[in-house]
There are 2 protein chains.
Amino acid sequence: MAKRVTINDVAQAAGVSRQTVTRAINDMGEINEQTKQRVLEACQKLGYRPSRFARNLVVRKKTRAMGYLVASFRNPYFTEIAGDLLNAAAERGWHVVIASTETEEEPNALDMLSGQVDVFIGHFMQNDEDLARASGGIPLVMLERPSSLPGMHSVEVDIREGVREAIQALRAKGARRIGMIDSSYSLRASPTYAPSPRRGYFEELVGGESAGMVVVGEESMAGGGRAFAELVATYPDMDAVLAFNDLMAIGAVQASHALGIEVPRQVKICGFDGLTLGEAVHPTLTTVSIDRHALVSGALDIADALAAADFGVLPSMRRTVRPHMLWRESA
Amino acid sequence: MAKRVTINDVAQAAGVSRQTVTRAINDMGEINEQTKQRVLEACQKLGYRPSRFARNLVVRKKTRAMGYLVASFRNPYFTEIAGDLLNAAAERGWHVVIASTETEEEPNALDMLSGQVDVFIGHFMQNDEDLARASGGIPLVMLERPSSLPGMHSVEVDIREGVREAIQALRAKGARRIGMIDSSYSLRASPTYAPSPRRGYFEELVGGESAGMVVVGEESMAGGGRAFAELVATYPDMDAVLAFNDLMAIGAVQASHALGIEVPRQVKICGFDGLTLGEAVHPTLTTVSIDRHALVSGALDIADALAAADFGVLPSMRRTVRPHMLWRESA
DNA sequence: CTGTTAGCGCTTTCAT
DNA sequence: ATGAAAGCGCTAACAG
């Protein structure tokens, strides 16, 4: 690899000093138009690219960058959040460096980016201690999960309230036997399945005869479809299903076609997340919607607060977002 | 805003030299365990964060960063590519800084990132000259669009071949009157609608009586649905539709339910892109699939070549990806 | 084990 | 209008 072309090379080639080169390339005035042209030509000829590090090191206005870890690009929930985050972050003057934790382990991803960013944001799966270790002291904003350690902040979603509202609404529409599809995502972080908080709240709130009607599936459309089939086969009198998320719920709606089950007449299906995608299925998906805009704003508020404190270690900040029912056709 | 805590402050607080601080925080050995602890405590107490710029400036192994401009987070086509790109880029040791051009103008986005990255990748809409100006001399890899200027490279998709294959396949399945749904996306870059290349190839290849059966719609599910309805109303004998992309095609499939049209018996619907999402609709979507993996690999190959040349201005490099039919149920 | 000396590549004084 | 000097904050290469 050829040695990097620096400002000195350009200066030499143009027969001027480095400062003059700076003036030329940064459009600073106080420079003869001819020399400027000469310098610019030299830049062109040598293929000179200023080092972004050297420049940022010396320049006053600090560029703030956040690292966003995307759990999955296969679930539109995360990509919709990514889109909202990017737009909102740009508005507030943040750069966003993104890494996927789909193929990479969280600690690795954090480690890779720890030299590049001032704060991390993401839906993290690892436990607090591992994250603290891997983040290299960079503050973390956790999405949909409470924080405890200092330097770790969070924007939570009141899942319990969402589950409560969904069950209540399903009941109000006549459902008597409500089943649930849970995600096996916990297997990504630990070797054994652990019930999701959503399942926990479901079992706590649904009460009585429905309590045990839970099936676990892979977190995808196909997984949701299989889980739905299993649920229907196991509990023939089931008349409503709450899915872990919209992706799985959409899979369930798809599966209902194959099984000859009419939705919502025979079985009502309710998702969780509020994806636009829920409009792609037939019937369109009724769901517990999470306000992604509020989630992202909350995270950015925290990031701004951290920036104002020069990214020191601050006590945990917390925000909470309340989900709400989004009525469409499937329930 | 408090003055930044530097390595010097820590050194002073711990009563050691900067070098010793470096050893402590970077786990370098050759340091007394006690001093190390003392230094680490000082870091903790002062809330010291090493400057990523200073560090990167001095460290040999250059971190390479690419800026990826995402045209839309509402079309899974782009987010699927983003996911593939992130994974593949991480594997090859690239950082990816992402900006959305959904709300931001392309030149602005380029400008924002031009100090942060070594190469740009994206589905660009602006003309070459404007891009060259806005990119500040940083090389560009254009996706699905030919490059011409030096310093601008491209990974193209053989759209014509895809359209040809689709028409031929539709014909082979008995279609006689084929319509097309085009996207109005060109309106984003210029004030008047311009036919997309896909439309151009369609009209060139479909021949005869079908040639004029094109309707333009907004690039979304809803837009595809409306366009489909218009197409059906205008050409009652139409028996197949090629959509601009899968998002619009899915909208068309959705609309078919509302219109009481049986797919594929009465009308065959074929999308373009090959989204996983095409499995969410009923019937599942037959489509011309673009190999996103190849697209991304091609772009990264070019990026690596540029990196090897230290991001100098190289003559245009080009790759081409061929699409292929993905048979599902809607055609 | 620890400190000193040199820079990395750039921009900012301040002279001239 | 241009140049010389002085750093930005950090680490590599030597000393000791």
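Order of the sequence lines sets the chain letters (A, B, ...), proteins ahead of strands, with each chain counted from 1. Note: hydrogens, waters and symmetry copies are ignored here, and every other heavy atom, side chains too, is used.
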Can you work out whether A:Leu57 or B:Lys36 has the more 5'-proximal nearest nucleotide on DNA chain C?
B:Lys36
Is there, by distance only and without an angle test, a donor paired with an acceptor across the side chain of A:Arg49 and the base of C:dG9 below 3.5 Å?
no
Write down the distance between CZ (A:Arg23) and P (C:dC14), rounded to a whole number of angstrom.
14 Å
Give B:Ser51 one of three labels, base, sugar-phosphate or nothing, depending on what nucleic acid heavy atoms sit under 4.0 Å from its own.
sugar-phosphate
What's A:Val16 touching, base or sugar-phosphate or nothing? Going by heavy atoms closer than 4.0 Å.
sugar-phosphate
Measure the distance from CD on B:Gln37 to C1' on C:dC1 and round it to the nearest whole Å.
16 Å
note: A:Asn56, atom CG; D:dC8, atom C1'; distance rounded to Å ~ 11 Å
Provide, to the nearest angstrom, the distance between the CG atom belonging to B:Asn8 and the C1' atom belonging to D:dC8.
11 Å
When the ring planes of B:Phe78 and B:His123 are compared, do they come out parallel, tilted or perpendicular, using 30° and 60° as the limits?
perpendicular
Considering only side-chain heavy atoms of B:Tyr48, which listed nucleotide, C:dT12, D:dC10, C:dC1, is closest?
D:dC10
Any side-chain heavy-atom pair from B:Val96 and A:Ile98 closer than 4.5 angstrom?
no
How long is the line joining CG of B:Asp9 and P of D:dC8, in whole Å?
11 Å
Is A:Thr22 near enough to C:dT11 that one of its side-chain N or O atoms lies under 4.0 angstrom from OP1 or OP2?
yes
Report yes or no: is there a donor-acceptor pair, N or O only, under 3.5 Å between the side chain of B:Arg52 and the base of D:dG9?
no
Taking atom types as modelled, is there a side-chain donor on B:Ser17 or B:Gln19 under 3.5 Å from an acceptor on the other?
no
Under 4.0 Å between a side-chain N or O of B:Arg18 and OP1 or OP2 of D:dC10?
no
Choosing from C:dT11, C:dT2, D:dC10, which nucleotide comes nearest the side chain of B:Thr35?
C:dT2
Think A:Asn26 has a side-chain N or O under 4.0 angstrom from the OP1 or OP2 of C:dT11?
yes
Side chains of B:Arg23 and B:Asn32, donor plus acceptor under 3.5 Å
no
Using whole Å, report how far CZ of A:Phe53 lies from P of C:dT11.
15 Å
By the 4.0 Å heavy-atom rule, please label B:Thr20 as base, sugar-phosphate, or nothing.
sugar-phosphate
I want to verify a distance call: between C:dG3, D:dT11, C:dC10, whose nearest atom is closest to the B:Ser17 side chain?
C:dG3
Any B:His153 side-chain heavy atom under 4.5 Å of B:Met142 side chain
no
Calculate, to the nearest 0.5 Å, the distance between atoms CG and OG1 belonging to B:Leu86 and A:Thr101 respectively.
10.0 Å
Output the rounded distance in Å from CD (A:Gln19) to P (D:dA5).
10 Å
Out of D:dT11, C:dC10, D:dT2, minimum distance to the side chain of B:Arg55 belongs to D:dT11
Taking the side chain of A:Asn32 as its heavy atoms from C-beta onward, which of D:dA1, D:dA12, C:dG9 lies nearest to it?
D:dA1
Of B:Pro50 and A:Arg38, the one whose closest nucleotide on DNA chain D sits nearer the 5' end is A:Arg38
Output the rounded distance in Å from CD1 (A:Ile7) to P (C:dC8).
13 Å
